[in-house]
Every structure is written in C-alpha cells, then in structure tokens.
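Side chains are part of it too, since the values below use all heavy atoms of this structure and drop only hydrogens, waters and symmetry mates. Below, chain A is the first sequence line, B the second, and so on; all start at residue 1.
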Amino acid sequence: MDRIQISDIFQQVAQLLEVQGGNPYRVGAYRRAARSLVDFSGSLDGLAGAGRLREIPGIGEKLAQDVAEVLKTGDLALRRELLATLPKGVEELLRIPNLGPKRARILLEKLQIGSLGELEYACNENRLLDLPGFGARIQDVILAGIERLKRFKGRFLLSDGLEAAALLTAGLANHPQCAQLSEAGSVRRGCETVKDVDLVAAGRPCRVLLDVFYATPGAVMQTPRGNKAKIRLKNGLQVDLHCVSPAQFPAALLHYTGSREHNIALREHARGLGFDLSPQGLRNAGGLIACASEEDLYRILQLAPIAPELRENRGEIAAAAENRLPRLVQEADLRGVFHVHTVASDGRATLAELAAAARARGWSYLGICDHSQSAHYARGLDAERVREQWRDIDELNSQFEDFQLLKGIESDILVDGRLDYPDELLAGFDFVIASIHSHFNLGPAAQTRRLLAAIANPRTTMLGHPSGRLLLARDAYQFDQQAVLQAAARHGVVVELNANPQRLDLDWRLLRTARDLGVLIAINPDAHSVQGLDHVRYGVISARKGWLEARDILNCREKGEMLQYLRARRAGFAARVACP
DNA sequence: CATCTTAC
DNA sequence: TGCTGCCC
DNA sequence: GGGCAGCATCGTAAGATG
C-alpha cells in the first residue's frame, strides 16, 4: 500500500461520508488528508513505525490511526462500513459525470435512488425535475451518462488485461505439464479495451493445469465447462483458459486470438486454396496437416505471418498474400519520448529522476512537458516558472554527453483556439504540444475551428491527445476528424498517439488514416511519474494496430534527425513571416 | 445575478 | 476531523 | 500539559439552478 492508494481510500471515504450526509468538516478532513498524502514524500512505513504519522499536515489522531490501519490491513473498516450502509449502486452513481456526492445524496434521500437502473427509470419519468439542484438539463446529462456507463460496463483497459495475462501466464508457464502457453483474444490483439482475458495452453493432463489456474490468489472460480476454465479476478476481470493438445495448439491459438472477422476471412481464404481451417487444425483432402506454429499455418495458406495486432480484417490478409504487410514499429525503435510531466506541475518525478530513467531505457532524449498556466488545477507553469525550468534543464543537460532533455510544454488550447502563452515565450521552447483540457462540449463546428486554429499556429509542434477521450469514462469531444488530420498534414503538425492506457488517443483506427494523409505521429507516454514512462508500451501496441512503421513516427528517428524536424518546423514559421 | 455543484 | 488558542 | 470550544475549506471557471 503506497501513499497514493491510501489517498484514494481517503478520497472515497470523504465522498461516501458526504453522500451519507456526514459532518462536512469530517469530510473535509479526509479530503485534506488525501491531498496531503499525495504530496507527501518520504517513508510512510517509517513514520508509522515511529508513531509519527501526525507530523503529516492534516493527519491527526484518528487519521493517523486510519493510515496505520490501511498500511497494516490494506483497507479501512470505515470504508467497508460506509459501503455496506449505503446502497450497493452508489459507487456507480458517482461515476456519472455531473453527479457528485451532493446530488447523489439528494437522489438517495428524496427518491431512494441507489442504483443505475433506478436512476434511469426516475429520469425517464422526469422525476428529477422538481428536485432541488436538478433541472431538465442535468437530467438529460445524467441520462446520457447512464447510457455511456451501461455501454462500458464489464469492460476493462488493455493495461488491466495485459497485467492479468502476465500474472496468470507467469503462474502457469513454468508448470511441467504446460508445453505451450500464450495469451490470446483481444488482449493479444492489443485492443484498447477488453471484456475478458483469453489464454490458450497446450498440455496434458489438463486437470493439473486447471488446478494451478484455479489456485490463482484472489481469483474466484467459475463453473468449468469442457476444456475451458474460467476465473474472475478481484477487479471483476474474467480470465478464460482454453486447454488443448499440443498438436492443436497453433490452430487453437489462431482461433482464440481472432478477431472473429479475421477468422472468418482467413477461413474463406483457406477454403479458396482447398483447405479447411478450424480451431482443431488445418486439413485438406489428405487429412490433418501438422503445424508447429501460427507462422506454419499462415505459410501453408500462402500468407506472410500476420501480427496479432493486425488481425481485424482490415486488409491484412490481402496484404499478407501480396507480401506487403508493414514492418511494424517496435518498442526498441523508440529513440526518446515527448510529453512527460514533472513535479513542477502535476507529475511526481523530478527532472533528474526522469532523465536518469530515460537514459536507463537507452533513450537519447526526453521531452519535458508540464502544464501551461491556465491549468490551475495541475499547478500549470507561468512564464517565470517556465524560465526557471529552462535554467534547470540547461544545468542538467550540461552534465550529459549523449542525452538531452528537451524544453517542451503542454499548452492548453484556449476556447478560441489560441495557445496559452504569448508568442515570445512559446518561441523559446524546443517543442509545444497543444492540447484541449476544457470546453469539451463545444459543438462540432466550433470545436473543429478551435483545433484548426491551434494547428495553424506556427508554434504548435504537436496536437496532444487529439480526441480527448478517456477510455471507459468519457467520450471524445466532437470535431471533424478528417479536417483536423488534413490540416495537421498540411502544416506539418505532428499528431500525438497518447500512450496513457486510459487514452490511447489517437485511436488506432484513425492512425492509419492519419499516416495515409501524410501526418507524422509521436508515441507519447503522457507520464506523470517515472513508471508512467512505461506507457509507451501500450502506445507501441496501438501504433502497430494502426499499421504504423518506425518511419511514420517522429520519436523513432535519431535525435539529430528529430531535432532537425523541430527546427525545420520553427524555421517554416520564420520563412512565412518573411514572405507572407 | 448569486449560489451551488462539478470538473479540470 | 484537525488545528489553534484559551483556560486551568 | 490536558481539556475544551470554536473555526476551518486549495484554485478556478463553467454551467445550471432558482
């Protein structure tokens, strides 16, 4: 349990107390403590051991006790009590946009609404209208929020799926009865969200494997059926293990990896060549054909091997037949990244820590990129603090020979499309990422104008998280995607593939369009900590899903070449000024 | 127009 | 619930 | 030093409500 997790628990306690109508100052105390823990740097275990937790601001007698309890047991009795006292559905209610603890409390008190279903029903009956603090507008927004939540229900982020897959394959892979093992399904294909995790194992007797699978810590066993075992992890994510004989493994892996559409198209392709492809194997008139791997299967079907990420029936079979599949980008192709936040705004790591981590990864540059001044909530930098950071960066850079920190900024795109600093200051950065962080609900026309204005600004190097979506939480804002991508291509503005697993924005389906329009992509971690640099992994997967090659990606270029691109973009501005 | 809630 | 200041 | 009362709330802006 680290301080962030404890902070989250306190945050939740504060919210639940507020829904319950508890003492507002008690609520505030939990909020303040949650904040204080986030800001705290030091050893909580150390302080707890010494009985000195109360030295943390906002932590007094009771909260020190609570911190100690979470450190010891991993949870708070108070939290469990609150959840038990309040209706089961309040957690979900609070996830609806524009529905916070205050309104949730009113819904609970006046209408006894404690679940999504009840709320939806009440909205449809217009029962929210006469409630204090509610009106027609809020009711509509809530109803839309419920629809979205229902749509996302039971889905998980790719990062969660990969984590679960890694956990389980680690447990099974070394088992002597397990000849081969692989993740499959949407996790293997790198889909941005997944419903469940599929694993395929070759081995016998399967009984033993299944027992290991069921013994996964924290897992709840579901009813087994045939060769399929199911468990549900603590977070609700379901994992299926399909057990097959070693001979069946390649065909089974292919089948369970999908996608369904890819399988159908592949089967059709096989039929055209006189083969029958099924989950059991590949056969022709002469019977079953022995295959050692998926590559074998594809080869026999006269196809180049198709990476799992491409198996979405978007032309990959034709491309494989003509041997013109892309040479997909790999994580090792990255030479550096942009879009990394530091302690100066809402990050947790210092410049020095980030530089060290980037060098350890073998990167030759790291683009520092804090929030701009209008992002008050994230302690965005004003001009003075920007210049201060520049000095710090220069100072650090003077110590490196083969590595460089780049001076960047994530500048808010204001509602009128302007960037968040005067031009003179913007001109001093090595790169500028322009991002939208407010006014998500402009109409499509206005939002498009706003984005086009930002792209047309010669100081803009990149467009950050271009659609603004938060996976499983918030839809993309509305804008003319085609027009924005075309403008980016025309102006030489790089489009970000934000690799944060909650964003993966630009969506992989549009990446290919963007590339074909001539847009250059940057895979950016949007890291707020040293660990956050690992986000690039998901970005690379999405890029592969978008058929991208290293040459399509700015940060796969060597440092010199990348710098040249940044310079050329800036020089382009100078040239246009000189001869309009 | 002031107040409240929510969200960044 | 935390913190301060006041009282004893 | 303990007990007690009284007060407390980052930072801002949008947007709805009344």
Side-chain angles (χ1 to χ4, degrees), chain A residues 7 9-11 13-40 53-69 76 78-79 82 93-108 110 128-145 148 341 345-347 370-382 410-416 420 435-443 446-447 450 464-465 468-470 473-475 477 500 502-503 526 528:
Chain A
S7 165
I9 289 176
F10 282 4
Q11 199 85 46
V13 166
Q15 212 165 35
L16 294 175
L17 277 172
E18 197 172 4
V19 174
Q20 206 189 41
N23 177 349
Y25 294 111
R26 193 175 168 214
V27 171
Y30 276 95
R31 289 241 159 79
R32 201 164 49 240
R35 241 190 113 83
S36 192
L37 282 172
V38 170
D39 294 338
F40 177 75
L53 285 170
R54 302 185 55 168
E55 288 174 17
I56 301 172
I59 306 268
E61 188 184 348
K62 178 64 166 68
L63 281 165
Q65 231 174 295
D66 286 352
V67 172
E69 183 186 343
L76 259 190
L78 174 60
R79 192 187 77 94
L82 285 166
L93 294 186
L94 291 169
R95 295 180 52 196
I96 298 172
N98 300 302
L99 179 52
K102 294 267 190 343
R103 291 190 180 126
R105 171 169 164 71
I106 292 170
L107 289 173
L108 196 56
K110 306 265 179 189
L128 302 201
L129 297 184
D130 356 305
L131 252 42
F134 290 81
R137 176 67 201 213
I138 288 283
Q139 182 176 268
D140 288 348
V141 168
I142 285 178
L143 208 43
R148 213 207 46 233
H341 296 267
S345 64
D346 58 351
D370 276 307
H371 283 284
S372 61
Q373 54 191 359
S374 67
H376 303 284
Y377 59 89
R379 297 197 302 150
L381 279 58
D382 59 21
E410 183 176 20
S411 171
D412 269 24
I413 302 175
L414 305 177
V415 67
D416 60 4
D420 197 18
S435 303
I436 284 182
H437 290 113
S438 61
H439 296 93
F440 300 120
N441 292 324
L442 289 187
Q447 199 71 283
R450 180 185 184 190
H465 42 73
R469 75 175 179 188
L470 291 177
R474 187 178 73 203
D475 290 328
Y477 32 75
N500 184 312
Q502 289 181 66
R503 293 191 183 269
D526 197 356
H528 290 71

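Closest non-hydrogen pair, A:S374 versus A:D420, comes out as N-OD2, 2.7 Å. Counting all heavy atoms, side chain and backbone alike, A:E18 lies closest to A:R31 at OE1-NH2, 2.9 Å.
The listed nucleotides are D:dA14, D:dT17, B:dC8; the one nearest the side chain of A:I138 is D:dT17. Counting only heavy atoms from C-beta on, A:K62 has its side chain closest to C:dT1 among B:dC8, B:dA7, C:dT1. Closest to the side chain of A:F440, out of B:dC8, C:dT1, D:dA16, is B:dC8. For A:H437, whose side chain is taken as the heavy atoms from C-beta onward, the closest listed nucleotide among B:dC8, B:dT6, C:dT1 is B:dC8. Taking only side-chain atoms of A:E61, from C-beta outward, the nucleotide of C:dG2, C:dT1, B:dC8 with the closest atom is C:dG2. Closest to the side chain of A:H439, out of B:dT6, D:dG15, C:dT1, is D:dG15. With B:dT5, D:dT17, C:dT1 as the choices, the nucleotide that has an atom nearest any side-chain atom of A:K102 turns out to be B:dT5.
Within the structure, every side-chain polar atom (N or O) of A:R103 is placed at least 4.0 Å from both OP1 and OP2 of B:dT5.
In this structure, CG of A:N98 is placed 13 Å from C1' of D:dT17, rounded to the nearest angstrom. Put simply, OH on A:Y30 is 20 Å from C1' on D:dC10, counting in whole angstrom units. Between the CG atom of A:L470 and the P atom of B:dC8 there is a distance of 7 Å, rounded to whole Å. Look at CG on A:N500: it is 14 Å from P on B:dC8, rounded to the nearest Å. The interatomic distance linking A:L99 (CG) with B:dA7 (P) rounds to 8 Å, in whole Å. In this structure, A:I106 atom CD1 and B:dC4 atom P are separated by 12 Å, rounded to whole Å. Residue A:R32 contributes atom CZ, which lies 11 Å from atom P of C:dT4 at whole-angstrom precision. Summarising the geometry, the separation between CG on A:D140 and P on D:dG15 is reported as 16 Å, rounded to the nearest angstrom.
Residue A:P97 is in sugar-phosphate contact alone, with no base atom involved, counting any heavy-atom pair closer than 4.0 Å across all strands shown. A:G135 comes within contact range of the sugar-phosphate backbone alone, with a heavy-atom separation under 4.0 Å but no base atom that close. A:A14 comes within 4.0 angstrom of nothing in the nucleic acid, heavy atoms only. Nucleic acid contact for A:I436: none, since no nucleic acid atom lies under 4.0 Å from a heavy atom of the residue. The residue A:L17 sits apart from the nucleic acid: no heavy atom pair falls under 4.0 Å.
As rounded to the nearest Å, D:dC10 and B:dT5 have P atoms that lie 16 Å from one another. As rounded to the nearest Å, D:dT9 and C:dC3 have P atoms that lie 12 Å from one another.
Between A:D130 and A:R26, the residue whose closest nucleotide on DNA chain D is further toward the 5' end is A:R26.
Between A:H528 and A:H371, the ring planes are tilted. Angles from 30° to 60° get that label.
Judged by distance alone, with hydrogens and angles left aside, the side-chain atoms of A:R103 form a donor-acceptor pair with the main-chain N or O of A:N98 at under 3.5 Å. When atom types are taken as modelled, the side chain of A:Q447 and the backbone of A:H439 share a donor-acceptor pair closer than 3.5 angstrom. Between the side chain of A:S411 and the main chain of A:S372, no donor-acceptor pair closer than 3.5 Å is present.
When both pairing distances are held under 3.5 Å, D:dC10 makes no Watson-Crick or G-U pair with any nucleotide shown.
The stacking criteria are not both satisfied for A:Y25 over the base of C:dG2, which would need a centre-to-centre distance under 5.5 angstrom and an angle between ring planes under 30 degrees.
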